[in-house]
Structure formats: C-alpha cells, structure tokens
Chemist: 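Here it is, the structure in full.
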Amino acid sequence: MNTPTTPHEDYSAANEVTLVKARRSVLQNVWRTLKTAPPTAWFGMVVICLYLIVALFAPLFAPHGQAQVFPMAYAPWSDEFLLGTDALGRDVYSRLIYGARNTIGIAVATTLLAFLIGGSLGLMAAISRNWLDQVLSRFVDVLMAIPSLIFALMLLSIFGSSAINLIFIIAVLDATRVFRLTRAVALNVVVMDYVEAAKLRGEGLMWIMRREILPNIMPPLVAEFGLRFCFVFLTIAALSFLGVGIQPPTADWGSMVRENAGLIQFAEYDLTAALTPMIPAAAIALLTVAVNFVVDWFLHQTSGLRDEH
Amino acid sequence: MSTNDVLLTMRDVRIDGYSDDRWHHIINGVDITLKRGEILGLIGESGAGKSTLGLAAMGFARPGCKIVGGSIEFDGIDLLKLNHAELRNLHGSRIAYVAQSAAASFNPAHRLINQTIESTVSHGISDIETAKEDAIELYRDLQLPDPEHIGQRYPHQVSGGQLQRVMTAMAMSSRPDLIIFDEPTTALDVTTQVEVLTAMRTIVEKYNTAAIYITHDLAVVAQMADAIKVLRYGETVEDAPTRQMMANPKETYTQSLWAVRSIEKPPQPAIDTVLEINHVHASYGKSVKVLNNINIKVPRGQTLAVVGESGSGKSTTARVITGLLPPLEGNITFNGNDLPAALKNRSKKQLQSIQMIYQMADTAMNPRHTVRDIIGRPLHFYLGLTGQAQDQRIMQLLHLIELDESFLERYPSELSGGQKQRICIARALAAEPELIICDEVTSALDQIVQEGILKLLLRLQKELGITYIFITHDIATVRAIADQVVVMYQGKVVEQGGKEEIFTAPFPEYTELLLSSVPEMDPDWLTQLQQQRAAADA
C-alpha cells in the first residue's frame, strides 16, 4: 500500500469547519426575535403592556379612590362616573382600574410562589430519584386528586381569606402542577453525561440544580408560567366571585362581576347598566387571551419546530 | 458484473441545506453511475454529504434540504420530475433503504414479520401469505437463527445485529433494483458486524441487486463495494474500482484516509501501580451480575486499554472506579490507599485525581455553558482560581489542546465533533488529575479527527505523565495507544497483559474471535475469513 509518511501536515483542530453564530447582544437578539413575531403575539404583548401600565399607575388614571363612597348608588354612566356607580355608590371605572393592580398583583405573586415551591421540589425529586422523589410525588398525587377549587374554598374558610392566605393556598395547590412538569422535563436532562460529570466533580445539589439543569429546562417552564398565570388569575376571580377571594373594600374584577351581576336584568331599560358587570369580566377574558397568544408564540419559538422550506 | 445496462445515473447533482438563516451548499455537483448488480461505496467524514447523496439517489431530500440542480435518472425515469405519489410508489418497491439504527427504525409494537412484509403488501406486489413465506426464505438467506419463527418476535426480543439483518430482509422483500445502505453496521460490535456484512453481501449477490453502501469505515467498504467514491465537502475527491483505489490511491486526501493508523507506541515496562481493582463484583439493582470477580492493575503513567464488545462490562468497570456504582464485593486502591466505594464518601482530592472523558462529547458538555464556563469550573472548584489567573490557565489549556482564544465564548453547538472532544479533554486536564478514564472517546469521531485526538492524548501523557484507562471496542485504537490490555467478556476479565503479549498467538478463544473480526484493508479479507470459519466449523 502506498502510504505517505506524514499524511496530515495541514490538519489543524482549530480549523475544522463549524457554524459559529454571530455574536449579538441580548437586546439585538430580542429585537431579531420580535421582528418575526406574528400579529397575534404582538396583539398579546401590547395588551399585556397596557394592563401593566394601568396596574402600575392606577392612582394616576383613576378619577376617584377605590373605596371612596358617593351618595348616589347605581348612578348611570355619566361624565363624572364614566361607568356609573355600584350599590354602595363607588365609582365603577376607578374600581376597574384599581382592580387591575390588585388582581394582577396577587396573581403574579401567587404564580411566582407556585413556581418557587413546585420548581425547586420538582428539581430535587428529579435529581435524587430516591425515597424523596417517591414521597413528594405521592403527596402531589394526593393533592391533585382533590378538586382544587373546592379544596381552596375549604382551606380559605379554615384559615380566613386574607390576601396572604389566598396567595399561599393557591400557590401550594398550583405548585403541584409545576412540580410535575419540572420533574418530567428535568428527568430528561438529569440523565445527560454533563450532569454525571458534575456529580463526579463533587458539585453540590444547588449547583447542579441551578447551573446544569435549570438553564436547559427554562423554555417549557417559561411557557408554563404564562399558562399557570392565566389559571391562577381565573381561580382568584372565581374565588372572589364566590365571596372568599379578595375581600372588600379592595377592588377586584371577580367580586365586581358578582356585586353588579344583578344589573343585567335592567338591560331592557338601559343597555349601559347591563354592560357594567360585563366589563370586568371582559377585562379578565382579554388578559387571559393575550397571555395565551404570547405563550403560544413563545412555545413555537422554543420548540425547535421550523417551517419546512 | 457481466451486465452492462446502467440502472442509476446522477449528473451534476447539487443540494442545498438551510441552517442559521441561510442556504448552504451540501452537495456540489456530484456524478454517479451505477450498473445493475453493482455495489458503490460512498466514503467520507461526517458532514461530507454521504447520507444526503444517498437519499438523493432515491429522489428524496430531507426537510430543510432541496435538490437545486442536476439530474437523477433511475432506470430511464427522471426522479426529479416525479410527484410525491409516484416517488412513494417507487420507494419500497424498486428502491429500498436500510438505515443506520435498526432499533430506531422498527415499530416496537408490531411483530418483525409484519413489518418486513408491510411495504411489499401495501404496494400490491404480493399477497400476505406469499410475502410471509418469502420473508422466511430471506431470513434463512440472511442466516438468522430459527428463520421460521423469528418473525413472530418483537423488535426488543432480538439483538442489534439480528435486527439489522431483519431490516435488510425488509428492504429485500420487494426485490428492489437498488438498495441504499446508510452506515448499517456502524452501531454494531466488530464480532456482530462480520456476521451482518457477510449476510448482506450474500443476499445482494444472490439477487443481483445494485447497492449504494455509505460508511466512514474504509475497511468495511473494501469488503462490500465494487467501486468506491470518496466524498469531501460535498464534492467527489476520487472515484475508482475498489482494488485499484486500495492499491493506488491518487489524491492526498484519499491517501490520508488510508494512513490513519500510523501511530505507533513502543510499549514500556510497568514500574508501579496507580490503581488496583481487587475481586470486584457489581450489579445494577438485584439483577444479574454485570461484573464478576474483576482484578485489574493500572500501571502509572501508562495506558491501560479495556477491550470488549458492548455488554461486556467495560463501562460498568469505569462506573465502579469513579464511585457511581459501588461494588457488591471487593475494593479499589488508589496510590496504595483504599478508595471509598461510594462517590459521596470520597474527598475532593480523590475526586480531583480521577477524571473522566465521555464517548459522546455532545452530551458531556452543558449546551448552555460556554467553553470558558466549562473549563473554568474545575479550575475554580478544585484549585480556587478566579478572574485573571483562571483566564490565563484556561488559555494555557486551550493551547495545550491545540485550540486558541477564539473558542473562549463559543457554545458546544458551535464546535465540531473533534473540537468538542478536545474541550472535554481540557476540562479533565484542568483538574490536574493523575488518572483519566477515557470511555470510547474516539468511537464517535471520523478517522482523521480520531488520529488527532489519539496523538494529543499520547503527547499529553508524555508531557504530564497522566495515566489513562482507555475503554474501547476498536482493536486498531488499542494497537495504537495501549501499553497494557485487558480483554473483557460477559463481565469477566478474559486476558490481561502487555500489548505485545495480548496480540501474539496463542489467543484464548474469545480474544481470537475478537481479533479476527476486525476488518482489514484487504478486499479479500471477508471472503477469506468466511472460508476459514467455515473450514473450522466443518
């Protein structure tokens, strides 16, 4: 066989061809992604931004205080009371604006807490895969076996319905679903060689959770955050509608629907009166739809599904 | 090849692929002419466009790829002018495809025989009963055990080599004119590979089927093909009948493929022992023992190669040494001191001195960490280096593995296979270990890249005096780099000794089988081996 003595003098490991992505700053990357966003996602993002602005600057937008009582109950829509007043003579428009702050604030806090609890326990269960995983998973199964709205109602009547209790109870109940998702996606990452390599290096549990696994399961968790937020938001509204959620005089959309629900029967005399309870309900629906649009787009982006060319 | 009529003609085929927001050329004008009953070997490194070209021969382009130019004519039919339905009619009846991973290509929920005859029946070539009889005949031709009943089994009930042969039977069942074999034996052990190659060659010859055989293993293609085409960067490098090309390769690149095993390592006498495995038994859960009374001595500053086929307990031995799998019995001593059995009982110093390099560099590095993070972490964790000092050390390590500072901020997905493995080596070196366990570190790499990595490992050993335990199933690699060799079979050590000793006759029965199964760069090797084994059986 004709064998040259030094066959690859020109070979150099550094020169092997690979595709190196252009380095861009985070902002450039965000802008590049945004440019490709579909109109639904844009709609969702604009709506969410508007809600956030209203929630943050509620006192600037609201003409009256949320608990301020005027001597005219059930006032019709007018220049002073844009959407009229409720049974106690409070300005519905102002309460709607303050409601954004209260309802969204509590929903965000609850979702964050649910992810903190469910996420960290789910990661721990996935990494340890021993009795701890069994105990946590079975406990979660038990919690999930009980219808959560009824369970929440029960717990709220036991502990009393303050905002703090509301946040904790819904967070714990929702953390079960976050736990399951985190555990499931983390299991796929835990079996990777790089996690084994980290264990062999002697890394602690926290490092493996935070640096090796978390960055790799972020996309499904972020998407779940959006969806979970919607459900938490709806749960709070439902509980308020049932009267055990956010307590008066704090304004929130769920209880506003309940308080003004009776006005619907006056639709044949005054259409605007019938619309009054519909507006907070529509506010809830609009935000939920907007968040879902954004989550859908985000999921599509991160799922790695590409349109075929 | 008596008949002269041409079956497949591909002229100036060009294929583009879409990645990173733009189109790239994958295939740049390649010609292929294939006559009836002829076997063409396509050879090249990964990324050379072998598989893309193989699929194009079926008139098919993967999602994200498109055929942009040239002509593909199969038996007078222009494949590029056919619509989807017409192409589908052709696939599985006149053109068949055998994929690399048989295990991933079978539906686990259906019996083998039903999957074998599925396309034949659905194309209306024959009815179910005839097809089944024919499938059994094919199983017999392919030397599958118990051909009458093996079809009743499910995919998980047969071995990898058997599954690959069933897949060949599936492809043959419609008696196609052309079969594309896409690396059909790459995932198999050498001892199994020989059986599969023999079976495939026999059946293709029997039915005078033309074939395109895609592989990166030159020795394998030499056994199978009548002609060889060498591809690189989507272009033809060289094209010649097998014997002519083996005897006299013209291009430098082709010559370099031939010469890959040019590394020689003179064996050195063992001076003292760094690690000793004494009477180790191990198992996963309460199931059968995976390791049965293993005794291994690892000489300091040298390379101990652990050889055996999959399932022989090579990797389990590594897991026992690293502490991931505490043994049931027996102990391990490191530098004369007992090493705690379980990982969590080992000191940081002990963890630091034994490092591991994995087979799949892809999964051994966190895709969300940059090269700086990956190499920097052990520096910080074991040696407490931060900031400037850490950066300087990372740079030194990068130079040691023949890469430069442009790699610092790259993510693993932006590295080639060889570069990834080099970064893994740098990560192991960063801990300043005494012993590195290399688990099949070169088996996922192309030949030229393999040689680069092996040379690097040898150089590092010479400069830094590191000991390697080198787990592999590739005998050629063992010859190149080992000082001591351990042969394992079914959880036991069959033979242990110096390289010369192991590779000189007389061999124990299993070593003999293992060594004789390694394909050689000789077109007559398989034929001769077949005759030898037949003679031995008689």
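Residue numbers begin at 1 in each chain, while the letters A, B, ... track the order of the sequences.
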Chemist: Do any of residues 215-228 of chain A have a heavy atom less than 4.5 Å from a heavy atom of chain B, and if so, which, in residue order?
Modeler: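 Checking residues 215-228 of chain A against chain B gives A:Pro215, A:Asn216, A:Pro219.
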Chemist: With a 4.5 angstrom heavy-atom cut-off, could you sort out which part of B:Arg319 is near chain A: side chain, backbone, both or neither?
Modeler: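 Only the side chain of B:Arg319 comes within 4.5 Å of chain A.
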Chemist: Please name the residue in the list B:Ile374, B:Asp362, B:Asn366 that meets the side chain to side chain contact (heavy atoms under 4.5 Å, CB included) test with A:Tyr194.
Modeler: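 In the set B:Ile374, B:Asp362, B:Asn366, the residue that makes a side chain to side chain contact (heavy atoms under 4.5 Å, CB included) with A:Tyr194 is B:Asn366.
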Chemist: Among B:Ile354, B:Leu351, B:Thr363, which residue has the highest count of heavy-atom pairs closer than 4.5 Å to chain A?
Modeler: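 Between B:Ile354, B:Leu351, B:Thr363, the count favours B:Thr363.
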Chemist: Would you find a donor on one side and an acceptor on the other, under 3.5 Å apart, between the side chain of B:Arg346 and the backbone of B:Gln350?
Modeler: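 No, the answer is negative, given that no donor and acceptor are paired below the 3.5 Å cut-off.
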Chemist: Strictly distance-based, threshold 3.5 Å: is any side-chain N or O of B:Gln419 a donor or acceptor partner for the main-chain N or O of B:Ser416?
Modeler: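 Present.
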Chemist: Below 4.5 Å from any heavy atom of chain A, which atoms of B:Met365 appear? Answer side chain, backbone, both or neither.
Modeler: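 Only the backbone of B:Met365 comes within 4.5 Å of chain A.
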Chemist: Where the side chain of B:Ser353 meets the backbone of B:Lys349, is there a donor-acceptor pair that is under 3.5 Å apart?
Modeler: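 Answer holds: yes.
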Chemist: Which atom pair, heavy atoms only, marks the closest approach of B:Glu405 to B:Leu398?
Modeler: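 That would be CA-CD1, 4.5 Å.
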Chemist: At a 4.5 Å cut-off on heavy atoms, which part of B:Leu324 comes close to chain A: side chain, backbone, both, or neither?
Modeler: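 The side chain, not the backbone.
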Chemist: Ion pair present between A:Asp133 and A:Arg138, side-chain N to carboxylate O less than 4.0 angstrom?
Modeler: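 No.
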Chemist: Restricting to side-chain contact (heavy atoms from CB on, under 4.5 Å), what partner residues turn up for A:Asp296, sequence neighbours left out?
Modeler: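 For A:Asp296, no residue satisfies side-chain contact (heavy atoms from CB on, under 4.5 Å) once neighbours in sequence are set aside.
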Chemist: If you count heavy-atom pairs within less than 4.5 Å of chain B, which of A:Lys199, A:Met192, A:Glu196, A:Arg201 leads?
Modeler: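 The answer is A:Arg201.
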Chemist: Counting N and O atoms only, with roles assigned by atom type, does the side chain of B:Glu238 sit under 3.5 Å from a partner on the main chain of B:Glu251, one being a donor and the other an acceptor?
Modeler: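 Confirmed, B:Glu238 side chain pairs with B:Glu251 backbone.
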